[in-house]
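Notes follow the structure.
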There are 2 protein chains.
Amino acid sequence: MKKQLRMTHQREVILDELRKCKTHPTADELYERVKKKLPRISLATVYRNLEVLSGEGLIRKLEISGRQKRYDWELQEHDHIYCIQCHRVENIDLKRDRGFEVLPENAKGYSVEGCRVEFFGLCPKCRQTNKMQKKGETTMGCKTCGTGTLSDKQREVLEALSKCNEPCGSKDIAASTSLEPKQVSCQITALKKKGYVASPARCKYEITEEGKKALA
Amino acid sequence: MKKQLRMTHQREVILDELRKCKTHPTADELYERVKKKLPRISLATVYRNLEVLSGEGLIRKLEISGRQKRYDWELQEHDHIYCIQCHRVENIDLKRDRGFEVLPENAKGYSVEGCRVEFFGLCPKCRQTNKMQKKGETTMGCKTCGTGTLSDKQREVLEALSKCNEPCGSKDIAASTSLEPKQVSCQITALKKKGYVASPARCKYEITEEGKKALA
DNA sequence: TTTTGTGCAAAGTTTTTGCACATAC
DNA sequence: GTATGTGCAAAAACTTTGCACAAAA
């Protein structure tokens, strides 16, 4: 006997937000969006629902490049393009003239259920960013982290750090900003790459001279 | 100025073992193999080397379905087939008659650097297992976990559990079998789904009546 | 001798799960 | 009222990193 599914408010909002997304979001991204409507929802609920909904065939879990799982409300099989720099994933129109069906003799005994085609390259935004970087290239430049410009979150973290007299941990930083500890550690990683943050002791961080300049 | 790479013994063995693999291994799988030759090597070294070697272009990191990263010694671009049940990844011969190149007008402004084609289905082994399951199908049947039949590892874990008088943790089980703790928890998850193992307390497991029947 | 790499343990990152309570049907 | 779902916290699963020491060039 199968479990009966219920349409809870949380589930509804999750589905709803997913349907609004064009770039197939990760559980985490979706959580951030859903939280704006349901501030008390937990990440675990988002994960659980994405799992249940894709199990039911209401949405699709994507098997795609990148570290995190991504989800798609579009059920029909279609192809994707993936930005190797910012990890965005978008749909792509592709006339699959199935000239590349696997022939039984080279399927190695597999029963083939389907095929994914994934293009990769740089999205328009990242192409633009790279161009700008090339112009004012510095020694600290780093293709994959967009050096030079600070994102809002990075600025927030860096500012919090600039107010500390001694090295502090990511939880201290989280407490003095609007950010989640998880987000803070992400930003710190990026800031370390840029040379704006140093880690004089394990899990303790402080702003560097470079970082102070970047804030100014 | 670029760092100079050194050929250490560890690095050599890692490369060597990778070259011997036909199914593109995860870091973990490779670690298990390498450990047989260098028992004192650490998983971190394997990860670090795979990262360095793929950074140098000596091996390839695969962007492929599944939870863990996989590596490939074959540098030339080629296509893969993925077993949706056991997660094995194999090469596949595919005459890409590139009829499906992305045309500039539908690349959405991306600069396309390449394309991955991935087939998925059931590998010969899993097809076989599924067939056998269908014969003796039970109410507990589950497509993705292979209910009914016990894999060798599952049987080993279940037997270990049947010898315990009280619920025990996965590390205790690992100690009394030939398996790694990591593998044990995998098997326990599968066994729980099948109803053969219960978890009366957090992280404590015991065999169920169902499980005892399955062993007999 | 200097630079690069290793083992270890601890942390970081993403996902899953047990539990007590809440909600939909 | 009961089966199903939620929030929370803790754990699991996978990967990365700081450090002190070791090995390669």
Side-chain angles (χ1 to χ4, degrees), chain A residues 1-14 26-31 34-35 38-53 56 61 66-71 169-171 180-190 192-193 198-205, chain B residues 1-14 26-31 34-35 38-53 56 61 66-71 167 169-171 174 180-186 188-189 192-193 198-205:
Chain A
M1 54 188 179
K2 219 181 122 207
K3 265 194 169 190
Q4 195 61 41
L5 271 203
R6 277 172 198 179
M7 188 46 74
T8 59
H9 192 36
Q10 288 88 331
R11 191 162 287 172
E12 208 174 347
V13 174
I14 289 170
T26 60
D28 203 70
E29 283 162 9
L30 199 52
Y31 169 62
V34 169
K35 214 166 48 169
L38 303 173
R40 296 192 33 77
I41 200 174
S42 88
L43 181 57
T45 300
V46 174
Y47 271 108
R48 257 182 308 225
N49 275 304
L50 291 171
E51 197 51 41
V52 169
L53 291 169
E56 290 297 307
K61 208 190 301 190
R67 196 173 161 131
Q68 288 169 272
K69 291 183 187 171
R70 290 181 177 273
Y71 299 85
S170 51
K171 271 161 203 166
E180 303 279 304
K182 189 178 295 182
Q183 295 182 308
V184 169
S185 56
C186 248
Q187 306 311 322
I188 287 183
T189 307
K192 278 203 291 183
K193 275 197 193 161
S199 178
R202 194 186 190 80
C203 304
K204 293 287 176 186
Y205 308 102
Chain B
M1 55 187 179
K2 220 180 122 206
K3 265 194 169 189
Q4 194 60 42
L5 271 203
R6 280 174 195 175
M7 189 46 76
T8 60
H9 192 36
Q10 288 88 332
R11 191 162 285 172
E12 208 174 346
V13 174
I14 289 170
T26 60
D28 202 70
E29 284 162 7
L30 200 50
Y31 169 63
V34 169
K35 213 165 47 167
L38 304 173
R40 296 194 32 78
I41 202 175
S42 88
L43 181 55
T45 300
V46 173
Y47 272 108
R48 257 182 310 225
N49 275 305
L50 290 171
E51 198 52 40
V52 168
L53 291 170
E56 289 298 307
K61 208 191 298 192
R67 197 171 160 134
Q68 287 169 273
K69 291 184 186 169
R70 291 180 177 273
Y71 299 85
S170 52
K171 271 160 202 165
E180 299 282 303
K182 190 176 291 183
Q183 294 182 305
V184 170
S185 55
C186 248
I188 287 183
T189 308
K192 278 203 289 185
K193 275 197 192 159
S199 178
R202 195 186 190 81
C203 304
K204 294 286 174 186
Y205 308 101

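Order of the sequence lines sets the chain letters (A, B, ...), proteins ahead of strands, with each chain counted from 1.
Checking side-chain atoms of Arg11(B) against main-chain N and O of Arg6(B) turns up a donor-acceptor pair under 3.5 Å.
In this structure, the CG atom of Asn49(B) is 11 Å from the C1' atom of dT4(C), given to the nearest Å. Between the CD atom of Gln68(A) and the P atom of dG12(C) there is a distance of 17 Å, rounded to whole Å. Here the C1' atom of nucleotide dA22(C) and the CG atom of Leu38(A) are 15 Å apart, to the nearest Å. Atoms OH (Tyr47(B)) and P (dC8(C)) sit 17 Å apart, rounded to a whole Å. The CG atom of Leu50(B) sits 10 Å away from the P atom of dT16(D) (whole-angstrom rounding). Put simply, NE2 on His9(B) is 11 Å from P on dT6(C), counting in whole angstrom units. Computed from coordinates, the Leu5(B) CG to dG5(C) P distance equals 6 Å when rounded to whole Å. Taking atom CZ of residue Arg6(B) and atom P of nucleotide dA22(D), one finds them 16 Å apart after rounding to whole Å.
Ile41(A) places a side-chain heavy atom less than 4.5 Å from the side chain of Ile14(A).
Between Tyr47(A) atom OH and Thr26(A) atom OG1 the span is 7.0 Å, to the nearest 0.5 Å. For the atom pair Asp28(B) CG and Gln68(B) CD, the distance stands at 6.0 Å (nearest 0.5 Å). With rounding to the nearest 0.5 Å, the separation of NE2 in His9(B) from CG in Leu38(B) is 5.0 Å.
Summary of the strand contacts: Arg40(A) and Ala27(B) both lie near DNA chain D, and taking for each the nucleotide with the nearest heavy atom, the more 5' one is attributed to Arg40(A). Toward the 5′ end of DNA chain C lies the nearest nucleotide of Ser42(B), the other residue of the pair Lys61(A) and Ser42(B) mapping further downstream.
The side chain of Gln4(A) places no N or O atom within less than 4.0 Å of a non-bridging phosphate oxygen (OP1 or OP2) of dA3(D). An OP1 or OP2 oxygen of dC14(D) is reached within less than 4.0 angstrom by no side-chain nitrogen or oxygen of Thr26(B). For the pair Thr45(A) and dG7(D), the criterion of a side-chain N or O lying under 4.0 Å from OP1 or OP2 is met. Of the side-chain N and O atoms in Lys69(B), one or more sit less than 4.0 angstrom from OP1 or OP2 of dT16(D).
If you check dG7(D), dG7(C), dT15(D) against the side chain of Leu43(B), the one that comes closest is dT15(D). Closest to the side chain of Arg11(B), from the set dT16(C), dG7(C), dG5(C), is dG5(C). With dC8(C), dC25(C), dG7(D) as the candidates, the nucleotide lying closest to the side chain of Gln10(A) is dG7(D).
Within 4.0 Å (heavy atoms only), Arg48(A) reaches at least one base atom of the nucleic acid.
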